[in-house]
Amino acid sequence: MTRFFYKDIVLEVPSGVYTPREDSLMLAELLEQERPCTALDVGCGSGFLAILMAKRGFSVTAADINPATIEATKNNAIINLVDIDLILSDLFETVSGTFDLIIFNPPYLPNDAPVDLQWSGGIDLVRRFLLDARKHLNANGKVLFLISTLTGEKETVEAIEKNGYRCKELLRKKVPWEELIVYELKL
C-alpha cells in the first residue's frame with residue numbers, strides 16, 4: 001500500500017492501482033481552475049481526480065474497468081469525506097447520462113509496451129474513448145484529456161479531429177522520457 005498526499009487529500013493506493021504522478025498533477029492543476037459542474041472521471045485509478053473535484057463541489061461519477069480500482073476509489077472517498085458515484089465500466093460501456101466535464105488520464109503507453117493495463121492502452125484505447133465520449137457530453141461540455149508523446153501525438157490529434165472535436169492544447173510538460181500533453185476537447 002502506497003500513501004499519496006496532495007493538499008488536503010490523502011490516498012491509500014493498493015498494489016495494482018495507479019498512483020498519481022506528473023500526469024495526474026497536470027490535470028489536477030487544470031481542474032482547480034474549473035467551476036463545479038457534473039463530471040465524469042473515466043479510468044479513475046486511485047480516485048485522486050474524482051476526489052479533488054468532489055472536494056471542490058463537483059457532482060462526480062468515477063468509472064474504471066478494474067474492480068480493485070473502484071474499491072480503492074470508494075475507500076479513498078470515505079477517507080476524504082466525499083461522495084462519488086462509482087461505476088465498474090470499460091470506458092463508457094455501463095455509463096449512462098451526460099456530463100459537463102469528462103476527464104480522461106488514460107493508460108497511454110503503446111499496446112506493445114511491456115507493462116500492465118494500468119499503463120498500456122495506447123492510441124487504440126484513445127480512439128475508443130473519443131468515439132463514445134461525445135454521447136456523454138452535454139451540449140456546452142468539454143473533455144480534459146491527457147496523452148503522452150509515446151501515445152503518438154499526430155495520431156491522437158487526427159483521431160480527435162476525425163471524431164468531430166475542436167482541440168486546444170492546454171498544458172505540456174517534459175519529463176525524462178516523454179512529453180505529457182493535456183488537451184481540451186469540445187464538440
Problem - Partners passing salt bridge (Lys or Arg N to Asp or Glu O under 4.0 Å) against Asp90 (at least two apart in sequence or in another chain) - result: Arg128

Exercise for the section: List in chain and number order the residues that pass side chain to side chain donor-acceptor pair (under 3.5 Å) with Thr2, two or more places apart in sequence or in another chain; answer none if no residue qualifies. Expected result: none

Exercise for the section: Report the residues that fulfil side chain to side chain donor-acceptor pair (under 3.5 Å) with Ser89, sequence neighbours left out, ordered by chain and then residue number. Expected result: Thr94

Practice task
Would you confirm whether Asp100, through its side chain, and Asn140, through its main-chain N or O, come within 3.5 Å as a donor-acceptor pair?
Solution key: no

Handout entry: Close side-chain approach of Leu27 to Phe48, heavy-atom, < 4.5 Å
Key = no

Handout entry: Pairs touching residues 38-49 that satisfy salt bridge (Lys or Arg N to Asp or Glu O under 4.0 Å), sequence neighbours left out
Key = none

Handout entry: Heavy-atom closest contact (Ile102 atom, Ala133 atom, distance)
Key = CD1-O, 3.8 Å

Handout entry: Over all atoms of both residues, closest heavy-atom pair of Ala63 and Leu40
Key = CB-CD1, 4.4 Å

Exercise for the section: Mind checking ring-ring contact (aromatic ring centres under 6.0 Å, His included) for Tyr165 and listing every partner two or more places apart, or none if nothing turns up? Expected result: none

Practice task
Report yes if some heavy atom in the side chain of Tyr6 is under 4.5 Å from a heavy atom in the side chain of Ser24; otherwise report no.
Solution key: no

Problem - Close side-chain approach of Thr98 and Thr38, heavy atoms under 4.5 Å - result: no

Handout entry: Same cluster (ILVMFWY, side-chain, under 4.5 Å), Val17 and Leu88
Key = yes

Completion exercise
Residue pairs passing the salt bridge (Lys or Arg N to Asp or Glu O under 4.0 Å) test with at least one member in residues 55-81, sequence neighbours excluded, are Asp8-Lys55

Practice task
For the residue pair Leu101 and Leu31, establish whether any side-chain heavy-atom pair is separated by less than 4.5 Å.
Solution key: yes

Completion exercise
Nearest heavy-atom approach of Val175 to Leu180 is CG1-CD1, 4.3 Å

Handout entry: Within-4.5 Å side-chain heavy-atom neighbours: Ile70 and Cys44
Key = yes

Exercise for the section: Quick one: sort the Phe145 and Phe104 rings into parallel, tilted or perpendicular, breaks at 30° and 60°. Expected result: parallel

Practice task
Considering non-hydrogen atoms only, spot the tightest contact between Arg127 and Ala159 and give its length.
Solution key: CG-CB, 4.0 Å

Problem - Donor-acceptor pair, side chain of Asn76 and main chain of Glu12, under 3.5 angstrom - result: yes

Handout entry: Residue pairs, two or more places apart or on separate chains, that pass salt bridge (Lys or Arg N to Asp or Glu O under 4.0 Å) and touch residues 142-156
Key = Glu34-Lys142, Lys142-Glu184, Glu153-Arg172, Lys154-Glu158

Fill in the blank from the handout: When every non-hydrogen atom of Val126 is compared with those of Pro106, the smallest separation belongs to CG2-CG, 4.5 Å

Problem - Distance in Å, Ser148 OG paired with Asp23 CG, rounded so as to fall on 0.5 Å steps - result: 9.0 Å

Handout entry: Pairs satisfying ring-ring contact (aromatic ring centres under 6.0 Å, His included), at least one member in residues 68-92, at least two apart
Key = Phe92-Phe129, Phe92-His136

Completion exercise
OH of Tyr183 to CG of Leu171, rounded to nearest 0.5 Å, is 11.5 Å

Practice task
Could you check if a side-chain atom of Leu130 sits within less than 4.5 angstrom of a side-chain atom of Leu185, using non-hydrogen atoms only?
Solution key: yes

Handout entry: Atom pair CG/CG of Asn80 and Leu11 - distance to nearest 0.5 Å
Key = 6.0 Å

Practice task
Let me see the working for Leu30 and Val182 under side-chain contact (heavy atoms from CB on, under 4.5 Å), right down to the final yes or no.
Solution key: CA-CA 9 Å; Leu30 294 169; Val182 179; 3.4 Å; yes

Exercise for the section: Sorted by first residue and then second, give each ring-ring contact (aromatic ring centres under 6.0 Å, His included) pair with at least one member in residues 61-87; sequence neighbours left out. Expected result: none

Exercise for the section: Go through Val82 and Val60 one step at a time and tell me if the side-chain contact (heavy atoms from CB on, under 4.5 Å) criterion holds. Expected result: CA-CA 10 Å; Val82 295; Val60 182; over 6 Å; no

Handout entry: Residues forming a side chain to side chain donor-acceptor pair (under 3.5 Å) with Asn66, sequence neighbours excluded
Key = Thr69

Exercise for the section: Examine distances only and state if a side-chain atom of Ser46 and a backbone atom of Val13 form a donor-acceptor pair shorter than 3.5 Å. Expected result: no

Exercise for the section: Under the salt bridge (Lys or Arg N to Asp or Glu O under 4.0 Å) rule, collect the residues that match up with Arg35, sequence neighbours excluded. Expected result: none

Practice task
Starting at NZ of Lys7, measure out to CG of Leu52 and round the result to the nearest 0.5 Å.
Solution key: 8.0 Å

Handout entry: Nearest non-hydrogen partners of Ala77 and Ile51, listed with the distance
Key = N-CD1, 3.7 Å

Exercise for the section: Could you tell me which residues satisfy side chain to side chain donor-acceptor pair (under 3.5 Å) with Ser59, sequence neighbours excluded, listed by chain and number? Expected result: none

Handout entry: Side chains of Asp132 and Leu91 in contact at under 4.5 Å (non-hydrogen atoms)
Key = no

Exercise for the section: Would you mind telling me which of Leu137, Leu187, Ile160 makes a side-chain contact (heavy atoms from CB on, under 4.5 Å) with Val143? Expected result: Leu137

Completion exercise
Rounded to the nearest 0.5 angstrom, the CG-CD1 distance for Leu125 and Ile147 is 12.5 Å

Exercise for the section: Check the hydrophobic clustering (I, L, V, M, F, W, Y; side-chain heavy atoms under 4.5 Å; chains of links allowed) and say if Leu25 and Trp177 are grouped together. Expected result: yes

Practice task
For residues Thr156 and Ile181, determine if any side-chain heavy atom of one lies less than 4.5 Å from a side-chain heavy atom of the other.
Solution key: no

Completion exercise
In this structure, CD of Glu93 is separated from CD1 of Ile87 (nearest 0.5 Å) by 11.5 Å

Problem - Arg3 side chain vs Met1 backbone, donor-acceptor pair below 3.5 Å - result: no

